[in-house]
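Let me begin by presenting the structure, written as structure tokens, before commenting on it.
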Amino acid sequence: MWKYILPLLTLFILSCGKANDVNNPVLPPITNLTYADANATQATRNLLKNLMTIGSKGTMFGHQNTTLYGTNWNGDPDRSDIKSVCGSYPAVYGWEIGKIELDKSQNLDGESFIAIRSHLIAAYERGGVNTITWHSTNPVTGGDSWDTTPAVKTIIPGGKNHEMYKGWLDKVATFMFSLKGIKGELIPVLFRPFHEHTGNGFWWGKGNCSATEYVALWKFTVQYLSETKGVHNLLYVYSPDIISSQTQYLEFWPGDESVDMLGLDAYDRSSYNYAERGLQMIRLGLSIAKAKNKPMAFTETGLQNNSSDAKWWTEKLLKVIKGQPVAYVLIWRNASPYHFFGPYPGCVSEADFKSFADDPSTLFGNDIPNMYK
Ligand code: BMA
């Protein structure tokens, strides 16, 4: 009888040991995936399934606005600072739709929505994955996202600006409906609203709203877009700012049924040791993702104007992601010589970025499988 019991016992002990081991994150099984939108399109579901497994091959590299402009150029649709440096487009493309809620023709950074749409479609046609952030207007004051006047309670159901907020979501829905490939199919998008809420920098952040209000806002947003408006090409990504515990990560968690993917936004700042703490945070996020059977990405990072660190890519970022099943890492935009995060030809970290891109654990546009099948 022991010959049957012993192997089972060993298996049981081993699996108990692994369950909460943040130092040994393993990929979650891809069975029993759930979707925040029960009616998500097949391609959107396939994208989530592929995001679950891609981390075992490597981490996809992403860049915000990569083809819209670069550190020293603007308006050349096939160009990207990433491609100019390493010869390949990123695998993930980030875009921003703040001010769409006001029906403006340009977002808060002066980028036209028509251009954003066409760049997003081109990225998809190249096989890339698109993600969208929404730095929305403060609904109480009309100020920007950084106007921290409390506002969340006014737009959730029962709030005095709730109807206005529905109108904002109508505009978001119209934009999402307009994202179609050349065959007319809807393009799946990783939607990442109300990010970095563990900090108090935005009107939806901690200190400016309660966890209960944040959760109500998130759930209403998902439900209104998917059920009321019938938007079915979105995966919803939850992305706190730097965190130090599971409790902090989950303080504003909207519920497993309302989130498709876990994220983390953590920039390299002088206030902490990025390589060390970044790795700790990624491991923490991966252990939560594993328990929730969802993929995880490093949704925003970078060292602003990285001229101070010529080896940032291999000695900092690579040390955080290498060997970890993180689906993607996204570097923020190269907006100008005074506000850039990615490399560009001639920058101090150009050679180091090539080494980073050559590392087998980083995946660029040329390295990824079809993410929609
Ligand atoms: C921030 C900065 C801002 C910008 C915002 C939304 O991190 O790049 O200049 O307005 O993202 O794109």
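Heads up: numbering here begins at 1 and tracks the sequence. Order of appearance sets the numbers: ligands from 1, and atoms from 1 within every ligand.
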- Pull out every atom of ligand 1 sitting under 4.0 Å from any heavy atom of Trp332, numbered as shown with elements. 1 (C), 2 (C), 7 (O), 8 (O), 11 (O), 12 (O)
- Task: Return a yes/no value for Arg333: is any of its N or O atoms, backbone included, closer than 3.5 angstrom to an N or O of ligand 1?
- Result: yes
- Task: Specify whether Tyr214 and Phe194 have parallel, tilted or perpendicular ring planes, treating 30° as the upper limit for parallel and 60° as the lower limit for perpendicular.
- Result: perpendicular
- Task: Report the C-alpha separation of Arg333 and Glu96 in whole Å, then their side-chain angles, then the decisive distance to 0.1 Å, and conclude whether the salt bridge (Lys or Arg N to Asp or Glu O under 4.0 Å) test is met.
- Result: CA-CA 10 Å; Arg333 63 194 187 125; Glu96 164 60 40; over 6 Å; no
- Message: Quick one: does any side-chain atom of Asn138 pair with a main-chain N or O of Asp147 as donor and acceptor, under 3.5 Å?
- Response: yes
- Query: Would you call Gln64 a ligand 1 contact, heavy-atom distance under 4.0 Å?
  - Reply: no
- Note on the structure: of all protein heavy atoms, closest to atom 5 (C) of ligand 1 is Trp146 CH2, 3.8 Å
- Message: Using only atom types and a distance under 3.5 Å, with no angle test, would you say the side chain of Thr154 pairs donor to acceptor with the backbone of Lys160?
- Response: no
- Query: Going by the atom numbers of ligand 1, which of them fall below 4.0 Å from some non-hydrogen atom of Glu96?
  - Reply: 12 (O)
- Message: His339 versus ligand 1: do any nitrogen or oxygen atoms come within less than 3.5 Å of each other?
- Response: yes
- For the pair Tyr344 and Phe340, name the ring-plane relationship: parallel under 30°, tilted 30 to 60°, perpendicular over 60°. perpendicular
- SG-CG distance between Cys347 and Asn305, expressed to the nearest 0.5 angstrom: 11.0 Å
- When distances are taken from atom 12 (O) of ligand 1, the protein heavy atom at minimum range is Asp109 OD2, 2.6 Å
